[in-house]
Amino acid sequence: MQQEPDTLTVTDNRTNLTYTIPVSNGTIRAIDLRQIKTGPDDFGLMTYDPAFMNTASCRSAITYLDGDRGILRYRGYPIEQLADNCTFLEVAYLIINGELPTEEELNTWTCQIQRHTMVHENVKKFMEGFHHDAHPMGMLMTTVAALSTFYPNARNIADPTIRRQQIIRLIGKMPTIAAYSYRHRLGLPYVYPDPDLSYTQNYMNMLWRRIEPRYSASPVLSRALEVLFILHADHEQNCSTSTMRAVGSSHADPYATTAAAIAALSGPLHGGANEEVLRMLAEIKTKENIPGFIEQVKAGNRKLMGFGHRVYKNYDPRARIIKQVADEVFEVTGRNPKIDIAIELEKIALSDEYFIKRKLYPNVDFYSGIIYQAMGFTPDEFTVLFGIPRTVGWLAQWQEMLGDSEQKIARPRQVYTGVEQRDFIPMRERGVRELAEV
Ligand code: ACO
């Protein structure tokens with residue numbers, strides 16, 4: 001029988017019935033499987049996909065990623081060209097609005113962001129309540145959540161003007177909150193944002209100004225930070241972005257939603273990996289210890305942090321750019337000795353059958369921490385440095401999700417594996433159980 005092209009024919013061997021399902025963009029709609037039933041009481045076929053290994057949950061026009069070929073593009077522009085030619089705020093405009101800004105648009109956008117870098121004095125007071133050794137990601141997450149109480153009208157997410165205002169506020173305030181959390185831990189007075197400085201220079205001034213009127217940032221280092229921010233700005237449907245979309249789909253306000261995304265980013269399997277890479281390199285200490293460490297990884301006792309990716313099965317293009325940035329940064333700061341251990345580790349890993357077979361390459365986190373450390377950041381600040389630029393991607397994806405008429409509240413199905421119905425047992429008839437079993 002001649003079938004329509006762009007369809008999938010499925011025969012259910014349980015019933016011998018055949019179904020024709022449309023294929024579009026290399027996908028079938030999971031809901032089309034629901035018609036496949038063994039009888040009128042059957043719920044219908046579902047797909048089972050733990051960790052979403054093979055499920056597209058949305059259509060998106062923001063970021064294109066080809067993990068097999070090591071390609072990353074924002075709105076169609078290759079990441080390499082954007083990193084070479086743009087400022088971070090220019091890329092932020094592109095990601096949020098879909099097009100690169102004209103000069104006038106960029107000036108207006110920059111002014112809007114700068115105007116919103118200040119935080120309410122009560123936000124400062126709120127942050128003063130954190131313990132002196134609070135983790136910076138914990139402070140970032142909770143302070144962003146607290147902003148929800150400062151901007152109650154943010155919950156009007158259906159209003160595009162209000163949505164845009166919160167997007168600008170969040171991009172503006174992230175470096176301020178991050179810098180305040182840094183100074184809080186050192187017991188230093190907070191430095192107010194300076195609207196005459198670029199996005200990264202202002203951040204550096206808020207971090208490192210002491211008694212001088214303005215911190216004088218090295219142009220090489222502020223440009224390096226700018227490039228690192230561009231590389232981290234979006235990465236399609238990763239764990240924190242999916243969290244942003246899932247929480248946002250309940251129509252929670254963007255501050256609560258962004259705080260949830262920050263929580264997801266903080267985990268060591270996601271953004272928290274950059275911090276773990278530095279701890280790992282510190283533990284390895286010398287090149288001589290690398291083979292022993294690799295053996296532990298291959299035995300399954302350790303993970304090589306900063307290696308492997310759900311989507312990239314080739315060199316992460318961001319890691320390649322970061323390696324170049326490292327050389328420029330070290331010209332100013334002096335060479336971080338950890339880079340030599342990292343390069344040797346990469347060399348050994350990439351020629352080892354274990355890593356080759358599993359297509360494990362360095363990801364964005366492998367080299368970024370080494371640069372951040374050379375610039376003066378402590379490892380527990382690294383994930384914050386990821387969260388500041390990724391806020392742009394989260395907000396663009398949130399905005400896209402809200403404007404997508406196909407999206408509804410995110411609510412996956414499950415395969416129930418628990419006990420079938422059983423009758424209640426009164427306490428006195430439940431017998432005695434070992435405590436460990438409870
Ligand atoms: N070190 C050693 N082995 C690894 C590593 C690693 N870093 N990553 C994956 N593997 C192995 C797994 O053990 C598995 O081996 P097996 O087939 O023998 O069981 C195989 O490679 C496939 O790995 P999965 O865990 O199935 O891959 P998944 O896509 O689920 O995980 C992840 C991706 C979480 C990034 C993983 O590679 C990892 O844990 N890496 C280290 C943490 C890290 O660097 N995270 C940052 C990711 S980038 C980012 O979020 C910005």
Side-chain angles (χ1 to χ4, degrees), residues 49-56 63 65-68 70-72 74 79 137 228-244 261-281 283-284 290-323 338 341-342 345-372 379 381-394 397:
D49 189 12
F52 306 114
M53 299 288 285
N54 196 37
T55 295
T63 291
L65 205 171
D66 183 332
D68 290 326
I71 293 174
L72 174 62
Y74 298 156
I79 189 71
M137 276 302 266
L228 285 158
F229 279 7
I230 291 170
L231 300 182
H232 286 89
D234 193 47
H235 211 233
E236 54 118 298
Q237 307 312 314
N238 55 82
C239 179
S240 54
T241 304
S242 306
T243 303
M244 185 84 189
I262 297 171
L265 186 73
S266 70
L269 295 188
H270 189 13
N274 53 15
E275 185 178 338
E276 296 303 321
V277 170
L278 257 280
R279 293 192 204 292
M280 177 185 76
L281 295 176
E283 188 194 324
I284 294 175
I290 294 175
F293 182 82
I294 294 276
E295 284 315 308
Q296 284 189 50
V297 171
K298 286 160 64 176
N301 300 330
R302 303 293 299 266
K303 264 196 170 168
L304 180 49
M305 298 311 285
F307 256 67
H309 199 276
R310 171 62 57 79
V311 182
Y312 288 120
K313 301 301 168 197
N314 197 330
Y315 215 98
D316 182 337
R318 300 169 300 172
R320 192 169 278 127
I321 300 171
I322 288 181
K323 235 171 139 181
K338 294 212 173 65
I341 301 177
L345 196 53
E346 177 190 327
K347 204 171 99 195
I348 294 179
L350 292 187
S351 58
D352 190 294
E353 188 52 30
Y354 175 94
F355 297 89
I356 296 170
K357 202 172 118 202
R358 291 170 178 78
K359 298 189 175 167
L360 299 172
Y361 290 87
N363 58 49
V364 69
D365 288 325
F366 193 63
Y367 287 105
S368 61
I370 302 170
I371 303 180
Y372 291 143
E381 292 288 331
F382 297 170
T383 316
V384 168
L385 288 154
F386 192 154
I388 295 170
R390 183 54 61 85
T391 300
V392 168
W394 290 331
Q397 302 266 355

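Remember, it's 1-based here, ligands and their atoms both numbered in the order they're listed. Just so you know, these numbers use all the heavy atoms, side chains as well, and skip hydrogens, waters and symmetry mates.
In terms of protein heavy-atom proximity, atom 48 (S) of ligand 1 is nearest to His309 CD2, 3.6 Å. Looking from atom 10 (N) of ligand 1 to the surrounding protein, the closest heavy atom is Leu360 CD1, 3.7 Å. Closest to atom 39 (O) of ligand 1 among all protein heavy atoms lies Lys303 NZ, 2.7 Å. Here the protein heavy atom with the shortest distance to atom 41 (C) of ligand 1 is Phe307 O, 3.4 Å. Shortest contact from atom 27 (O) of ligand 1 to any protein heavy atom: Arg310 NE, 4.9 Å. Counting protein heavy atoms only, atom 7 (N) of ligand 1 is closest to Leu304 O, 2.7 Å.
The shortest N/O to N/O separation between Leu269 and ligand 1 falls below 3.5 Å.
The closest side-chain donor-acceptor pair between Gln237 and Gln397 falls under 3.5 angstrom.
Aromatic ring centres of Phe307 and Phe366: separated by under 6.0 Å.
The closest donor-acceptor contact from the side chain of Asp49 to the backbone of Met53 lies under 3.5 Å.
Residue pairs meeting the side-chain hydrogen bond (donor to acceptor under 3.5 Å, both in side chains) criterion with at least one partner in residues 299-314, sequence neighbours excluded, are His235-Tyr312, Glu283-Arg302.
Atoms OG and CG, on Ser368 and Asn363 in that order, are 8.5 Å from each other to the nearest 0.5 Å.
Contact annotation for Val277 and ligand 1: no heavy atom of the residue comes within less than 4.0 Å of the ligand.
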